[in-house]
Amino acid sequence: MVAVVEDGWMKEEEKQGNRTFAELLSTKKMDTRFTRGKSSILERPLTRPKTEVSVSAFALLFSEMVQYCQSRVYSVSELQTRLADMGQSVGASMLDVLVLREKNGKRETKVLNMLLFIKVNVWKSLFGKEADKLEQANDDDKTYYIIEKEPLINAYISVPKENSSLNCAAFTAGIVEAILTHSGFPAKVTAHWHKGTTLMIKFNESVIARDKALDGR
Amino acid sequence: MSRQSNRTTDSKKMNSELFTLTYGALVTQLCKDYENDEEVNKQLDKMGYNIGVRLIEDFLARSTIGRCQDFRETADVIAKVAFKMYLGITPSVTNWSPAGDEFSLILENNPLVDFVELPDNHNTLIYSNLLCGVLRGALEMVQMAVDVRFAQDTLRGDNVTEIRMKFIKRIEENLPAGDE
């Protein structure tokens, strides 16, 4: 008797549940609730056919960005900081989608694997090729280098003599810094003219300490 | 002749996502730097103009397209050659005005707005306004003054993205007196 009542109750509940779910799926409610009908961005698949634009278009856009930043700063280092800030927002947006697409949502926990993820996966999707080299500093276990002989970013940039230290790959450095930091590997990344362009990655002490502890287990 | 034939319309290509996100980073920065959307729109148009002025040279060199006979031909070249070459898309040309001096470019996929959603406090932002500047700048360099604006934008809930272009006048080159 009791069981029958319970059954009936369950069925009622189930029906209710089904209806709401079906409603959500079939009507536009889902849209309006999450995107207020502005765009269908959440309904699009994460993996898409690869679309391409011309490198010239990118170069011209990037050049305008550099000029714009330059008009609002007083020194080369400020300019590089601004470029790096913009890179950070690119890196932060890129990280989640890359982890889902390339790694099935699995995050790296070891420094070396994380660096390889950047050298291989991140570079391939951003620049269409792996980074040329990944090296560790001889005298410092916190410091790593990603070396790119001819970075795409710098392909059409000639640096004026009076600002010879300027390296617009500061933008790429920002991307890498954001990806590392948001993955739980806080680091400072800077761009330098060395063997082409070298991105110097300096991890926080804590990152290296954690990595060693993981090794010890 | 041999030099001519070496040139191709194939410029180097890259993944559009870096381009899209870089543009996004730029617009975000402009929104931080300027107080209101109108200023950002203006700045985007200005940057686009600067790009257009430089881009036309690259375009003419790669496409080996000569002078257009009329505005209709210009419209076709912009849609089928220029957009294809730089952004990898081919907008359709429609809605000609009876006088033939105004048309619309309908963009089905605007690579600039991948991943983008406008927040509520930026409802007057014309996100892709850079494109208007590019078209205006590039055409000015081939002696055409045009008015370019966004008529519809999927980002603001419209079904399509529509760029409206209006021919204003031919720019006469002011040659110095006695210079032929």
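Chain naming here is simple, since letters A, B, ... match the order of the sequence lines and numbering starts at 1 in each.
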Below 4.5 Å, heavy-atom pairs only: which of A:Gln67, A:Arg82, A:Gln88 has the largest tally toward chain B? A:Arg82

Pairwise distance CZ(B:Phe19) to CD(A:Glu52) - rounded to 0.5 angstrom: 13.0 Å

Any residue of residues 86-103 of chain B which, by heavy atoms, sits under 4.5 Å from chain A: B:Tyr86, B:Leu87, B:Gly88

Mind listing the closest non-hydrogen atom pair of A:Arg101 and B:Glu17 along with its distance? NH2-OE2, 2.9 Å

Near A:Glu78 CD, under 6.0 Å, is it more than 12 heavy atoms from other residues, nucleotides or ligands? yes

Heavy-atom count around A:Lys110 NZ within 6.0 Å, excluding the residue itself: above 12? yes

Residues, nucleotides or ligands: over 12 heavy atoms within 6.0 Å of A:Asp215 CG: yes

Would you find a donor on one side and an acceptor on the other, under 3.5 Å apart, between the side chain of B:Ser16 and the backbone of A:Thr51? yes

Criterion side chain to side chain contact (heavy atoms under 4.5 Å, CB included) against A:Ser56, the qualifying member of B:Arg62, B:Lys12, B:Met14: B:Arg62

Above 12 or not: heavy atoms from other molecules or residues under 6.0 Å from CG of B:Asn121? yes

Suppose we screen for side chain to side chain contact (heavy atoms under 4.5 Å, CB included). Which residues come up paired with A:Tyr156, at least two apart in sequence or across chains? A:Val55, A:Ala59

Most contact-rich option vs chain A, by heavy-atom pairs under 4.5 angstrom, among B:Leu55, B:Asp58, B:Ile51, is B:Ile51

So B:Gln29 and A:Cys69, side-chain contact (heavy atoms from CB on, under 4.5 Å) or not? Walk me through it. CA-CA 10 Å; B:Gln29 187 63 46; A:Cys69 291; 5.8 Å; no

In terms of heavy-atom pairs under 4.5 Å with chain A, which of B:Val134, B:Leu30, B:Asn109, B:Leu130 leads? B:Leu30

Just wondering, are more than 12 heavy atoms of other shown residues or ligands nearer than 6.0 Å to CZ in B:Arg54? no

Look at atom NZ of A:Lys103 and say whether more than 12 heavy atoms of other residues, nucleotides or ligands are closer to it than 6.0 Å. yes

Considering residues, nucleotides and ligands other than B:Asn159, do more than 12 of their heavy atoms fall under 6.0 Å from its CG? no

Before accepting this row, confirm whether a basic side-chain N of the pair A:Asp85/B:Lys32 lies closer than 4.0 Å to the acidic partner's carboxylate O. no

Using a 6.0 Å cut-off, check whether atom CD of B:Gln143 has over 12 heavy atoms from anything other than its own residue. yes

Give, as side chain, backbone, both or neither, the part of A:Ser54 having an atom under 4.5 angstrom from any heavy atom of chain B. both

Taken to the nearest 0.5 Å, the spacing of B:Asn15 CG from A:Leu152 CG works out to 10.5 Å

Check step by step if side-chain contact (heavy atoms from CB on, under 4.5 Å) holds for A:Ile175 and B:Leu18. CA-CA 10 Å; A:Ile175 297 180; B:Leu18 176 61; 4.2 Å; yes

Could you measure the distance from the OG1 atom of B:Thr22 to the CE atom of A:Met65? Nearest 0.5 Å is fine. 6.0 Å

Return the option, out of B:Thr28, B:Leu26, B:Val113, with the maximum number of heavy-atom pairs under 4.5 Å with chain A. B:Leu26

Rounded distance [0.5 Å steps], CG in A:Leu61 versus OG1 in B:Thr20: 10.0 Å

